[in-house]
Amino acid sequence: MASWDLAVTVEDLGSDAPAVTLSVASDLHVGGVILKLVEKTQIKRDWSDHAIWWEQKQQWLLRTAWTLEKYGIHADARLLFMPQHKPLKLGLPNGKTLRLKACFSRPVFQTVMGICKILDIRHPEELSLLRPIEEKKKKKDKDSAEEIYDLTEVPLSSASRPLLYDGMPAHFADSPEMEAVYKMLSVTQPPPAPEVIAKQYRPASVVDKAHINGRWLDSSRCLMQQGIQENDRVWLRFKYFSFYDMDPKYDVVRLTQLYEQARWAILLEDIDCTEEEMMLFGALQYHISKVSQSEPQMVSSNAAMDDLDSALQSLEVKLEGESSSASDMLVGHIGLDNMRNMISYFRPKRLTLKGYKQYWFKFQDTSISYFKSKEESIGEPIQQINLKGCEVAPDVNVTAQKFLIRLLIPAPEGMNEVYLRCENEEQYAQWMAGCRLASKGKTLADSSFQNEIQSIRSFLAMQKKSSHGNAPTNDESINTHSLVSPRYHKKYKAKQLTPRILDAYQNVAQLSLTDAVMRFLQIWQALPDFGLSYVVVRFKGSRKDEVLGIAPNRLIRIDLAVGDVVKTWRYNNMKQWNVNWDIRQMAIEFEGNINIAFGCVTADCKIVHEFIGGYIFMSTRSRAKSDTLNEELFHKLTGGHEAL
Amino acid sequence: MQSHMFLVVFYGLTFERFSTHTHSMMLPRVNETDKMDDIDTMFSHLLGEMDTLSQSLMPAADSPEVDAGSQGNCPISIGFSDLNESLNEMEDQDLDALVADLESTSDGHDPGDQGAGSLAAASATLGPAWEPKAAATLPPPSNSVESSEEMVEPQTKADRIHLALEKLKEAKVRKLIVKLLMSDGSSKTLMVDERQTVREVLDKLFEKTHCDCGIDWSLCETNSELQIERGFEDHEHLVELLSAWTRFSENKIYFLSRPQRYLMFTEPQLFYMWKKKTACLSGIKEEAKQLLIKEHFGGSTVIVPDLEGKLYLKEDGKKLWKPHYFMLRASGLYYVPKGKTRAISDLVCFVRFEKVNIYTTKNYKHKYKAPSDFCFVLKHPCIQRESLYVRFLCCDDKHTLSLWVNSIRIAKYGTVLFENYQTAVKKASGSQPLHFAADRYNSAAPNPAPPKTTNVEDYPHEPPPDFIPPPPPSQNTHV
């Protein structure tokens, strides 16, 4: 067979170097070409990750056994010999940027699997990559020197699963820098400054929200084919809101990043929530940031810790039968002694004119009793009030030295409203903590009493700082505007937000870090609009744009004129769907002869097709098969032309 | 009869019985073996605990009148002072039944006790109850207690101390004697201790009544003054629920079958597809129902039905009902107090569910001039009379009422409700061989679902769908 010249550019020789010319025959297979090429460069190195990219066809020549003829390569082909794994800048859900080597030659689905393996995120099928939103470039952008965490040195040994060392993958233990990267991945970020939140893009309508979904990369094609170059920036995000088998023990990074994505979705009003819900989210964020500072890591317990845990547990069981009840009682006494104070008392309805009166108050179990004076406290109280089931609300203004506890005490006739006025912060913190525990039916002997006092103190401290105007904020204090979306920045001053968040905080203050993160995610998932990804579509026969919402279990149709859901179709009623790639239209058939067809406006129909197929795929996952990812089925459900 | 429920609190009295006994048992033992340090420590703990116990008992035993009268929130004292009266008032057969009940329930942890010992224990419990004041100072009728105690004969000293501590704990347990009305007009009297859940009481009643043990059986409280009722949830503790009642309460408890009790699980489509016409929901397949349950209750988060719509709200203190737009969310019930937009920023939290229960009503068209009789009430369980803190809402029809009431229960109780249902289903199917009882739910009930783990679906997974689109569609596949 006649031989001819084939020019191949070798990336490693530098961009100025001329292409290497090889004399080849058409029956030479790609592997042979690579062999000749490597020999000719005379560079000794590991070439195993390298492959040939065919520029005109936008295609990798990965089948090394195929001949040039079979690929249809002639002398005019522009070929590029380069590594398949190249550095990529990855924007994480927590807003940080990571540089790592990602696969540019395999379908994005596999690229994400590789990234997730390096980052230690299970169930990579739930995540994907998308093109970032262009940031508004200001003339003097000083932030351009943002910190980039580097993971490009991590070896590409994707064959063996990284060993666990202290609960983290072994490659993170190599150096202090690597440990810092793991910390960034696995520990929640402190609340962002209010200005940072305000600066970010916020969707103002459901149509705005739809635009982001046009940015998802195609899972069936590789990065190179989608115009992503070395060192380009892409975002890694959870795409399918169907989180399988979430286990805090194995999912430290996954959970942290999911929390970050959820937190930003709330802060940027990507998902609607009510004011009450926003305050609760704020309280949880505050708590999570506080606890993660004291607990340096969301330590996933390893085997040794498990042993210790169970040992402690059995010790507890042992003690339980013997002496725990007695020691509880002792603690109870200590608590009781501290909780006798002169406190002003006010019942608004009966004594409106008289105002506050001072009494001697005593806390006992879940009740408070009061007496005329300390001397009379041995006898009958004027009244004893059981606080179990009552509502406790703060009414505090530190600058005005106002420390009120508002109690709403249920009684057969209705609720009794009672105010207790404390003298100072310390007294307030103790009595507030006592009232809160009592309202939950716990006594002062409960182990959470001291924690409760502590959290009230720290909240008071926060109010103190925020009331000092423009004092420079140090790391210790958190501006409450950092915890809520910008809508509330306008509505409330930071000082006004504090008591509202504090109110919500009392119900979550006792949660561990993991539990608080889980609670945040649960409340997020319980929001009515959770899990909806929007796309603007044009239904067949309709003349106006409408919005299609894609959820884990259903599709919804939103009429933009009505602004509301007009139709819901569930996947389990779906018989089949088809994509007409020529006119970019999707047609879906449901049981009962219901047919819908639409063209996609804000996203390619491949994206919509992939969303639906992806959710069908997510629902087929089961525990028995959770170890291996059925990649083939995913591509079958989401692929198109180039399906495997 | 003035009261249909007797609240008898054996609080201090049972304690007295055990503590006195423990004293007599413990003291000599400890003297014999003073080298055993741990026993010493335990003993001092024990003494310490008894001190505190008797301290904590003082207010309850001393002046129940004062508290109950003025504040009404000291449940311990309810019905305490007129114990004699209430026991005297009991009809003979009730008393008989109660004694029989006590025989079977006392000392459940000592199976060896069942013979003479149990009778003795029962009478010991009742003994001091008849003369509370005396029992507080005098030693209890020790002979009977002693005899029952000797039958157990613990093996080691440590065991004995352990047992003594157990008994002390037991002594702190509140117990009530409760009269339950049956749907046929008869009644049953039961002793219930504070650790018992409604589920356990129901199981007990299943044994006593030989009913079909179906999932609909429930305990239901009625309040005649407000004309409201509520089915207790199976996980709730009966004694705690009843301590919210006032003295001389007219409230009653019924044991009856409430067919809509677990409607959200037997007919989930009514709630999760409520916007669809009922006609197209009726033909829904069993698998589709199971899928709905899995989607909304199977994950780590319970998804509350996205219920919204017009409800009438009774204006504070007036017999005036105004329509408002209401919306149910997991975090509470919201409404739009004024204006017509339903934007998220217009929603105001009407009530959160942590501290209120939901009740259905009777005859509110007449009582409060409501637009319809399909009303529901949200209130703190302690509130027993009309007040500004009782929220009255009214729906257009029966179906809407059922949607709201049951959806609010989902929002309030979440996963617990689903667990209750699963237990009830298990109970109902477990009793199948014993009772022919054509359990009409067995067809509708799911295959006894395995105990639910938190966030992994344990359900038999669906096979991959067979409606995969044909992959290479360069030809026109458009329909």
Side-chain angles (χ1 to χ4, degrees), chain A residues 245-246 272-277 280 321-323 325-327 329-330 332 365 380 383-386 389 391 409-415 487 518 522-523 525-526 528 553 568 572 574-583 585 587 589 595 597 616 619-620 622-623 633 636-637 639-641 643, chain B residues 41-42 45-46 48-49 52 56 59 63 66-67 70-74 162 165 169 246 275 288 291 295 299-304 306 329-332 334 344-345 347 349 352 355 380 382-385 387-389 455-458 461-462 464-465 467-469 471-474 476-479:
Chain A
D245 185 20
M246 197 58 99
D272 284 340
C273 66
T274 64
E275 195 169 319
E276 281 71 22
E277 287 155 357
L280 184 51
E322 288 162 10
S323 61
S325 48
S327 61
M329 292 297 172
L330 283 177
D365 292 331
E380 283 285 306
Q383 198 185 19
Q384 188 183 17
I385 309 167
N386 192 342
E391 274 177 48
I409 299 150
E413 299 77 24
M415 297 288 214
R487 183 172 358 138
M518 293 297 266
Q522 278 172 8
I523 301 170
Q525 291 177 60
N553 60 355
T568 303
N572 67 316
M574 201 151 115
K575 284 174 82 176
Q576 63 163 347
W577 78 95
N578 293 295
V579 187
N580 183 335
W581 300 103
D582 296 334
I583 54 167
Q585 195 174 49
E589 186 188 343
N595 286 291
I616 306 278
S619 71
T620 64
S622 72
R623 185 171 239 176
L633 180 62
K636 214 169 157 187
L637 285 165
H641 292 286
Chain B
T41 345
M42 282 186 204
H45 279 169
L46 195 61
E49 177 162 350
T52 29
S56 64
S63 55
V66 182
D67 293 324
S70 62
Q71 201 55 35
N73 47 21
C74 184
H162 190 79
L165 281 169
K169 272 187 191 159
T246 51
K275 282 175 184 160
L291 184 66
E295 280 172 6
S300 59
T301 312
V302 167
I303 306 298
V304 174
D306 58 344
R329 296 173 73 95
S331 57
Y334 292 79
I344 191 92
S345 50
L347 285 182
C349 189
R352 287 193 291 180
K355 281 174 180 150
H380 192 286
C382 283
I383 303 176
Q384 301 290 330
R385 283 183 268 285
S387 120
L388 292 179
Y389 298 93
N455 41 21
V456 181
E457 299 116 292
D458 266 340
H461 83 100
E462 314 119 69
F467 46 84
I468 295 163
S474 39
N476 193 336
T477 52
H478 170 60
V479 280

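Excluded from the calculations below are hydrogen atoms, water molecules and symmetry mates; all remaining heavy atoms, backbone and side chain alike, are included. So that the names make sense, note that chain A is the first sequence line, chain B the second, and so on, each numbered from 1. Model, not experiment: these values are computed from the prediction.
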Original post:
Rounded to the nearest 0.5 Å, how far apart are CE of A:Met518 and OG of B:Ser300?
Top reply: 6.0 Å
**OP:** Kindly indicate, with the supporting measurements, whether the criterion side chain to side chain contact (heavy atoms under 4.5 Å, CB included) is fulfilled by B:Val302 and A:Gln525.
**Re:** CA-CA 9 Å; B:Val302 167; A:Gln525 291 177 60; over 6 Å; no
Original post:
With distance as the sole test, does B:His380 use its side chain to make a donor-acceptor pair with the main-chain N or O of A:Gly389 at under 3.5 Å?
Top reply: yes
**OP:** Kindly compute the distance separating CD (A:Glu275) from SG (B:Cys349), expressed to the nearest 0.5 Å.
**Re:** 10.0 Å
Original post:
Looking at residues at least two apart in the chain, or sitting in another chain, which of them share a side chain to side chain donor-acceptor pair (under 3.5 Å) with B:Ser331?
Top reply: A:Glu277, B:Tyr334
Original post:
Nearest 0.5 Å, what's the CD1-CG distance between B:Ile303 and A:Asn553?
Top reply: 9.0 Å
**OP:** Identify the heavy atoms of A:Ala526 and B:Thr301 that sit nearest to each other, and give their distance.
**Re:** CB-CG2, 3.7 Å
Subject >> Pairwise distance CD(A:Glu413) to OG1(B:Thr246) - rounded to 0.5 angstrom >> reply: 8.5 Å
**OP:** Please look at A:Gln522 and chain B and tell me whether the side chain, the backbone, both or neither of the residue comes under 4.5 angstrom of a heavy atom of that chain.
**Re:** both
Subject >> All side chain to side chain donor-acceptor pair (under 3.5 Å) counterparts of A:Glu391, not counting sequence neighbours >> reply: none
**OP:** Could you tell me which non-hydrogen atom of A:Gly414 sits nearest to which non-hydrogen atom of B:Ser387, and how far apart they are?
**Re:** CA-OG, 3.4 Å
Subject >> Top of A:Ile523, A:Thr274, A:Asn572 for chain B proximity - count of heavy-atom pairs under 4.5 angstrom >> reply: A:Thr274
Original post:
Checking side chain to side chain contact (heavy atoms under 4.5 Å, CB included) for the pair A:Thr568/B:Lys275: CA distance, chi angles, key distance, verdict?
Top reply: CA-CA 9 Å; A:Thr568 303; B:Lys275 282 175 184 160; 5.8 Å; no
**OP:** Kindly check if the number of other-residue, nucleotide or ligand heavy atoms within 6.0 Å of CZ (B:Arg352) is above 12?
**Re:** no
